[in-house]
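Comments concern the structure below.
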Protein chains: 4
Amino acid sequence: MAGSVNKVILVGNLGADPDVRSMSNGGKVVNLSVATSERWKDRNSGEQRERTEWHRVVIFSEGLARVAESYLKKGSKVYIEGQLQTRKWQDQSGQDKYSTEVVLQGFNSNLTLLDGRGDGDSSGDGGGFRGARQGDNAGGRSGGGQRPAANAPAFESGGMDDDIPF
Amino acid sequence: MAGSVNKVILVGNLGADPDVRSMSNGGKVVNLSVATSERWKDRNSGEQRERTEWHRVVIFSEGLARVAESYLKKGSKVYIEGQLQTRKWQDQSGQDKYSTEVVLQGFNSNLTLLDGRGDGDSSGDGGGFRGARQGDNAGGRSGGGQRPAANAPAFESGGMDDDIPF
Amino acid sequence: MAGSVNKVILVGNLGADPDVRSMSNGGKVVNLSVATSERWKDRNSGEQRERTEWHRVVIFSEGLARVAESYLKKGSKVYIEGQLQTRKWQDQSGQDKYSTEVVLQGFNSNLTLLDGRGDGDSSGDGGGFRGARQGDNAGGRSGGGQRPAANAPAFESGGMDDDIPF
Amino acid sequence: MAGSVNKVILVGNLGADPDVRSMSNGGKVVNLSVATSERWKDRNSGEQRERTEWHRVVIFSEGLARVAESYLKKGSKVYIEGQLQTRKWQDQSGQDKYSTEVVLQGFNSNLTLLDGRGDGDSSGDGGGFRGARQGDNAGGRSGGGQRPAANAPAFESGGMDDDIPF
DNA sequence: TTTT
DNA sequence: TTTT
């Protein structure tokens, strides 16, 4: 279809350590179980209520899978950006089942660790993780870059900035 | 949990007219079936491929439900912002089933029609729809504000969930 | 215009304590300075690079302003969802200036504190903050709903805009 | 900074044809002027109000620039995903100026055309545009792929799906 | 400057 | 089941 968008954004905590599985081609797939919660005050009873939602997150992206395996663990707080996908499968008795997942695959995915230097000890380790994305070319505007997915060009035209705001 | 976010953003087309159901309290719930697709060129075969994903969208928000009922129809292109929720239910044989939906309810939801004057045939109804949100207070920076939008209706209809996944 | 969307999502840290200003109508406006950074490895030199972006965030929403004032401080990590707005103003010499801000106002805004009570120990909370949104009706599917959130306050304070860009 | 997110999502219309500029390295930069509007009913006067916001969008991403140049024109409706960046520059008199832009560069950007066959005149060219993103690897789950940014693996482990929902 |  |  022309012009569609399928995006999920989650900020939540891992309910368990990442589940890492190897694939036949040598790659890895990482499954995460991520909780989001919301609280609100019931307008009738006035009592505090809470609802927790568990999300199944599947990471196919090579770089993000590596990050997940290396830096995430039970309790980690993460920012996740992926796509909604529903999969059909059969259980042992041959029954059709459906599973809807947040899939991180390809360019428009993101996984960023949100708790400081590890996730609890605060003894900063140097090295630590500072977010990861699809590739290393997040770049600023300066710098070369002539390979596929190059960006951050040096301008030829000088006038471009003269007329702003437009 | 402190500090979590649960957000889904879709741009896609309705696969069918909105399914409107009345609730016992007089409110309405609208179910949408929304398709998103993506195309890519297979890197091995080089052939064009396409994958369509179908999303079950449930609108509890009063204002957005009214909009959906009034302006959307099969084929409509929409921008949708809601939350991921998975519901457990039992089929006729008592088997547990799970259904994951994009729920529009409360303040952080949005529904915007993206095709101009109808959906292409332009014959339309005159008037047409120009986007809707939770309430009427989108406002600029000035203005008072004492009649905000209501949402989150009470309902107890049991039948609503019986036919999923669709 | 029919069918438009204007949304900014930030996860970053406050560069300073929130700047709270009272308006003539008794409401408050809170200004935040939020940093986001990205790192990447330069593809030519191979060296590590970093770029920090500073965002001016303006909170008109009553509930979110209260939250910002109560729970945020220099260094706080926040999730922010608002709208892009560019304002024109004149400096002392009468020169036209433009300032682009992320505005939190109305239903489709969000402000969530992302550093729990520290960032990892799970001991007592001492009150702590668990996210805030436009109103109290985040709710689950049940519940009534007749006291929605107010927003979009009137104000006429002129001084608020004098010191930008910060 | 560890763990930050800087994302802008716009759905709006071009106020003018794309402005394409060549760079010294042979690449192109495309500037767009995108309008978003919102309407609301003033709660005091009851009158209909509208506010239009103009966004300066700068496309450094090679693929997206090509798409913009080829398929967008004045009036086109687009979905845009990029980053907020503020640039400092000097006008002719040496005065410091700031310009805040939505930058499309690198992996986490998106540009999708939202109006079907052109933008209303429907004179269409055959072929037409169907959305574009950073790369061609949007892929589904099946298929090969062993180059950098490969995804869509074939599983070795068969059990992965058996235990859902988890 | 767009769009409805 | 949509759309291109």
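Just so we're on the same page: letters track the sequence lines, and every chain starts at 1.
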In whole angstroms, how far is the [atom2] atom of [N] from the [atom1] atom of [X]?
X: B:K77; N: F:dT1; atom1: NZ; atom2: P; answer: 20 Å
X: B:L32; N: F:dT1; atom1: CG; atom2: P; answer: 18 Å
X: B:E50; N: F:dT1; atom1: CD; atom2: C1'; answer: 14 Å
X: D:L114; N: E:dT2; atom1: CG; atom2: P; answer: 19 Å
X: B:L14; N: F:dT2; atom1: CG; atom2: C1'; answer: 8 Å
X: B:K74; N: F:dT3; atom1: NZ; atom2: P; answer: 7 Å
X: D:Y79; N: E:dT3; atom1: OH; atom2: C1'; answer: 19 Å
X: B:D115; N: F:dT3; atom1: CG; atom2: P; answer: 10 Å

Any residue meeting side chain to side chain donor-acceptor pair (under 3.5 Å) with D:Q48, in chain and number order, not counting sequence neighbours
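Partners of D:Q48 under the side chain to side chain donor-acceptor pair (under 3.5 Å) test: none.
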Answer yes when D:R51 and D:E53 have at least one side-chain N-carboxylate O distance shorter than 4.0 Å, and no when they do not.
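A salt bridge is present here (some side-chain N lies under 4.0 Å from a carboxylate O).
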Run the salt-bridge test on C:E81 and C:K7 with the 4.0 Å N-O cut-off and return the result as yes or no.
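Here C:E81 pairs with C:K7 in a salt bridge, since their nearest N and O are under 4.0 Å apart.
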Side chain of [X] - closest among [options]:
X: D:A16; options: E:dT1, F:dT1, E:dT4; result: E:dT1
X: D:S37; options: F:dT1, E:dT4, E:dT2; result: E:dT2
X: D:N13; options: F:dT3, E:dT3, E:dT1; result: E:dT3

Tell me, do A:N6 and B:H55 make a side-chain contact under 4.5 Å, heavy atoms counted?
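A side-chain contact under 4.5 Å exists here.
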Has D:W54 got its ring stacked on the base of E:dT2, with centres under 5.5 Å and planes less than 30° apart?
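By the stated criterion, D:W54 and E:dT2 do not stack.
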Does D:T52 contact E:dT2 through a side-chain donor or acceptor facing the base, at a distance under 3.5 Å?
yes
